[in-house]
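A short worksheet on the structure shown next.
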Amino acid sequence: MFKIEIKNLKTKAHIGMTEKERAKAQPLTVTLSFKYSVGKPSQLDNIKYLKDYSAITKSLKSFIELSRYKSLEKLVVECSKEMKKKFKLNKIYVSIDKVAVAKRYGCESLRVSQ
């Protein structure tokens, strides 16, 4: 079994409970990890049998940048659903950190994960 981790992907999203907060895109840091297996050792050099983590990274970033959710919790759930559906991922973990808010409160991170 392989574990793939896309760690600390920098992106922005219009997210927040108020219109004012959602008006300007906020910086986010996203980590996505998942596990999967390849059927036979002979398939390890064939992209047809592997997960295209480049495509997954691009899709994740695009999905977040186009999103308009109010809470990180909702964004985490929807990212997870979208990646599972689009790339047939099963064992998935998504973590999103609101960078600017963490700085504002003097903490290292403000993160929601599932």
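What you see below is based on every heavy atom in this structure, not just the backbone, and it leaves out hydrogens, waters and symmetry mates.
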(message) Measuring from atom CG of Leu28 to atom NZ of Lys61, what distance do you get when rounded to the nearest 0.5 angstrom?
(response) 11.0 Å

(message) Under the rule for side-chain contact (heavy atoms from CB on, under 4.5 Å), what residues qualify as partners of Lys12, not counting sequence neighbours?
(response) Ala25

(message) Can you confirm whether Lys35 is buried at NZ, in the sense that more than 12 heavy atoms of other residues, nucleotides or ligands lie under 6.0 Å from that atom?
(response) no

(message) Please check: side-chain N/O of Arg22 versus main-chain N/O of Gly16, any donor-acceptor pairing under 3.5 Å?
(response) yes

(message) Applying side-chain contact (heavy atoms from CB on, under 4.5 Å), can you list everything that pairs with Ser80, at least two apart in sequence or on another chain?
(response) Lys84, Ile92, Val94, Gln114

(message) With a 4.0 Å cut-off on N to O distance, would you call Lys85 and Glu82 a salt bridge?
(response) no

(message) Assigning hydrophobic clusters by single linkage (Ile, Leu, Val, Met, Phe, Trp, Tyr; side-chain heavy-atom cutoff under 4.5 Å), is Val112 placed with Ile6?
(response) yes

(request) Find the distance between CG (Asn90) and NZ (Lys88) and round it off to the nearest 0.5 Å. (result) 11.0 Å

(message) With heavy-atom distances below 4.5 Å as the criterion, would you say the side chains of Ile56 and Phe34 are in contact?
(response) yes

(request) Please check if Tyr93 and Leu9 belong to a single hydrophobic cluster, counting links between Ile, Leu, Val, Met, Phe, Trp and Tyr side chain heavy atoms closer than 4.5 Å. (result) no

(message) Would a single hydrophobic cluster contain both Leu44 and Ile47, if residues Ile, Leu, Val, Met, Phe, Trp and Tyr are joined by side-chain heavy-atom contacts under 4.5 Å?
(response) yes

(message) As an exercise, state the distance from OG of Ser95 to CG of Leu32, rounded to the nearest 0.5 Å.
(response) 10.0 Å

(message) Any non-hydrogen side-chain atom of Leu60 less than 4.5 Å from a side-chain atom of Cys79?
(response) yes

(message) Applying side-chain hydrogen bond (donor to acceptor under 3.5 Å, both in side chains), can you list everything that pairs with Glu78, at least two apart in sequence or on another chain?
(response) Lys74, Lys81

(request) Could you list the residues that satisfy side-chain contact (heavy atoms from CB on, under 4.5 Å) with Lys7, not counting sequence neighbours? (result) Glu5, Thr31

(request) Nearest 0.5 Å please: distance from the CZ atom of Phe63 over to the CE atom of Met83. (result) 6.5 Å

(message) So which atom in Tyr69 and which in Leu75 form the shortest heavy-atom distance, rounded to 0.1 Å?
(response) CD1-CD1, 3.7 Å

(request) Report the residues that fulfil side-chain contact (heavy atoms from CB on, under 4.5 Å) with Tyr53, sequence neighbours left out, ordered by chain and then residue number. (result) Ile4

(message) Do Phe87 and Asp52 make a side-chain contact, defined as non-hydrogen atoms from C-beta onward lying under 4.5 Å apart?
(response) no

(message) Measuring from atom CD1 of Ile64 to atom NE2 of His14, what distance do you get when rounded to the nearest 0.5 angstrom?
(response) 13.0 Å

(message) Please check this pair: side chain of Ser62 against backbone of Ser59, looking for a donor-acceptor N/O pair closer than 3.5 Å.
(response) no

(request) Could you point out which residue of Lys70, Lys98, Arg68 forms a salt bridge (Lys or Arg N to Asp or Glu O under 4.0 Å) with Glu21? (result) Lys98

(request) Give a yes or no answer on whether the side chain of Gln26 reaches the backbone of Ala100 with a donor-acceptor pair at less than 3.5 Å. (result) no

(message) Going by salt bridge (charged side-chain N to carboxylate O under 4.0 Å, His left out), name the pairs with one or both residues in residues 36-48, residues two or more places apart or in two chains.
(response) none

(request) Taking the side chain as every heavy atom from C-beta outward, state whether Val30 and Ile96 have any atom pair closer than 4.5 Å. (result) yes

